Peer 1: 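Below you will find the structure I want to go over with you.
In this text, all values refer to a predicted model and were calculated from it rather than measured experimentally. Below, chains carry the letters A, B, ... as their sequence lines are ordered, and counting in each starts from 1.
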Protein chains: 2
Amino acid sequence: MKISTKGRYAVRLMIDLAEHNHGEFIPLMDIAKRQEISEKYLESIVSVLSKSNLLISLRGKGGGYKLAKNPEDYTVGSILRLTEGSLAPVSCLEGEVNDCTRACHCRTLPMWEGFNKLINDYFDGITIADLVSGSDYSDDYII
Amino acid sequence: MKISTKGRYAVRLMIDLAEHNHGEFIPLMDIAKRQEISEKYLESIVSVLSKSNLLISLRGKGGGYKLAKNPEDYTVGSILRLTEGSLAPVSCLEGEVNDCTRACHCRTLPMWEGFNKLINDYFDGITIADLVSGSDYSDDYII
DNA sequence: TTAATTTACTATCAATTTAGTAGGAATAAA
DNA sequence: TTTATTCCTACTAAATTGATAGTAAATTAA
């Protein structure tokens with residue numbers, strides 16, 4: 001039950017872009033050095049964000065990446081769903097329909113559904129701007 | 001970010017034992033048939049639960065497994081932490097100390113800590129008895 | 001005592017996912 | 001034309017997942 005490096009690195013990349021958000025394009029190399037992540041690996045992550053138009057990219061000299069929106073307009077949920085593929089904690093909750101044959105009488109399904117909602121609500125309630133400003137989440141969302 | 005079959009099967013196994021909880025030992029074969037899970041695979045899962053004394057086992061004819069406590073005394077959290085290894089959503093939150101060199105200034109750590117707490121609190125708030133009685137969790141824990 | 005039943009233990013394995021690496025083509029600016 | 005940068009395709013090693021197989025040990029009933 002782990003968030004993979006893809007998702008974690010993507011969030012760090014977005015924070016880095018937000019912290020260095022001065023209108024210019026930022027080369028991936030700069031981000032890779034600051035974040036101590038292989039540029040080549042980061043490249044595969046940034047391409048997902050770029051293709052989905054979360055980022056604007058420019059090739060060639062003076063090129064790089066920059067945010068397409070303001071930091072407060074990116075939820076962590078939207079970034080993780082993209083880079084992790086899905087935030088569903090069980091595969092039967094992925095996609096539109098549940099095609100599990102046991103679904104109709106499954107004793108555990110409601111628990112997974114509740115958990116799925118909790119995950120998505122939690123990460124949709126946090127923006128990149130929140131992470132840059134350094135809010136503390138460890139005591140929030142007491143259940 | 002998935003709960004593996006180990007954890008999910010373990011919960012189903014515990015529910016099955018709770019639903020057939022009549023004092024007798026229940027052979028694994030019976031559970032495997034009812035739950036449509038390979039007996040051999042279930043064996044590797046049940047051994048973890050048995051070694052940690054969540055279950056009582058007896059070999060030989062008339063043997064099998066039964067719950068060591070009442071269904072309401074098992075939280076789903078305790079079962080998942082055991083079978084999944086850990087419920088921590090990022091590896092730096094596993095164990096007692098965080099040895100990540102970035103931890104002291106990590107912009108994302110508070111978010112992961114908050115998420116970790118959310119996960120553990122959610123599953124520690126659900127017991128096997130809850131699952132047997134069929135409570136609905138999809139609208140609980142609104143954040 | 002023997003046969004049947006059941007857990008316990010050890011080893012193996014194929015498929016998938018994770019976490020990267022490598023090389024070069026396309027593009028843009030100086 | 002040189003330099004810097006993204007974009008694209010392919011490859012790979014290691015770990016994890018989800019099992020399967022065979023046998024030993026224990027227990028009970030006939």
Peer 1: Has B:Ser50 got a side-chain atom pairing as donor or acceptor with B:Val46's backbone, closer than 3.5 angstrom?
Peer 2: no

Peer 1: If you take the centroid of each ring, where Trp contributes its six-membered ring, are A:Phe115 and B:Tyr122 closer together than 6.0 Å?
Peer 2: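 Under 6.0 Å, so yes.
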
Peer 1: Between B:Lys66 and B:Gly23, is there a donor-acceptor pair closer than 3.5 Å when you use the side chain of the first and the backbone of the second?
Peer 2: yes

Peer 1: Using a 4.0 Å cut-off on protein heavy atoms (strictly under), produce a 5'-to-3' string for nucleotides 25-30 of chain C with B for base contact, S for backbone-only sugar-phosphate contact, and - for none.
Peer 2: -BBBS-

Peer 1: Could you check if a side-chain atom of B:Met14 sits within less than 4.5 angstrom of a side-chain atom of B:Val76, using non-hydrogen atoms only?
Peer 2: no

Peer 1: Distance check, rounded to the nearest 0.5 Å: A:Tyr65 atom OH versus A:Asp30 atom CG?
Peer 2: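 With rounding to 0.5 Å, OH (A:Tyr65) is 12.5 Å from CG (A:Asp30).
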
Peer 1: Whole angstroms only, please: what is the CE-P distance between A:Met29 and D:dT3?
Peer 2: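 Whole-Å distance recorded here is 16 Å.
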
Peer 1: Quick check: do A:Leu109 and A:Leu93 have side-chain heavy atoms less than 4.5 Å from each other?
Peer 2: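 Contact flag for A:Leu109/A:Leu93 side chains = yes.
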
Peer 1: Sugar-phosphate atoms are those with a prime plus P, OP1 and OP2; base atoms are the rest. Using that split, label each nucleotide of nucleotides 17-24 of chain C B, S or - for protein heavy atoms under 4.0 Å, 5' to 3'.
Peer 2: --BBBBBB

Peer 1: B:Ile37 has an atom CD1; how far is it from atom P of D:dT20, in whole Å?
Peer 2: 12 Å

Peer 1: Could you tell me how far apart A:Ile26 (CD1) and D:dA4 (P) are, to the nearest whole angstrom?
Peer 2: 18 Å

Peer 1: Quick one: does B:Ser52's side chain have a donor or acceptor within less than 3.5 Å of a partner on B:Leu54's backbone?
Peer 2: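 Not confirmed, B:Ser52 side chain does not pair with B:Leu54 backbone.
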
Peer 1: Which part of the nucleic acid, if any, lies within reach of A:Tyr65 when heavy atoms closer than 4.0 Å are counted: base, sugar-phosphate only, or nothing?
Peer 2: sugar-phosphate

Peer 1: Find the distance B:Ile56:CD1 to C:dT7:P and express it as a whole number of Å.
Peer 2: 14 Å

Peer 1: Is B:Ser47 touching bases, backbone alone, or none of the nucleic acid, heavy atoms closer than 4.0 Å?
Peer 2: nothing

Peer 1: How is A:Lys2 classified with respect to the nucleic acid when contacts are heavy atoms under 4.0 Å: base, sugar-phosphate, or nothing?
Peer 2: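 The residue A:Lys2 makes no contact with any strand.
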
Peer 1: Would you kindly give the CD-to-P distance between A:Glu24 and D:dA4, to the nearest whole Å?
Peer 2: 17 Å

Peer 1: Please say yes or no: joined through hydrophobic side-chain contacts below 4.5 Å, possibly via intermediate residues, are A:Phe25 and A:Leu28 part of one cluster?
Peer 2: no

Peer 1: Would you say A:Ser50 places a side-chain N or O within less than 4.0 Å of OP1 or OP2 belonging to D:dT6?
Peer 2: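 A:Ser50 to D:dT6 OP1/OP2: no side-chain N or O under 4.0 Å.
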
Peer 1: In the hydrophobic clustering (ILVMFWY, side-chain contacts below 4.5 Å, transitive), which residues join B:Val97, or is it alone?
Peer 2: none

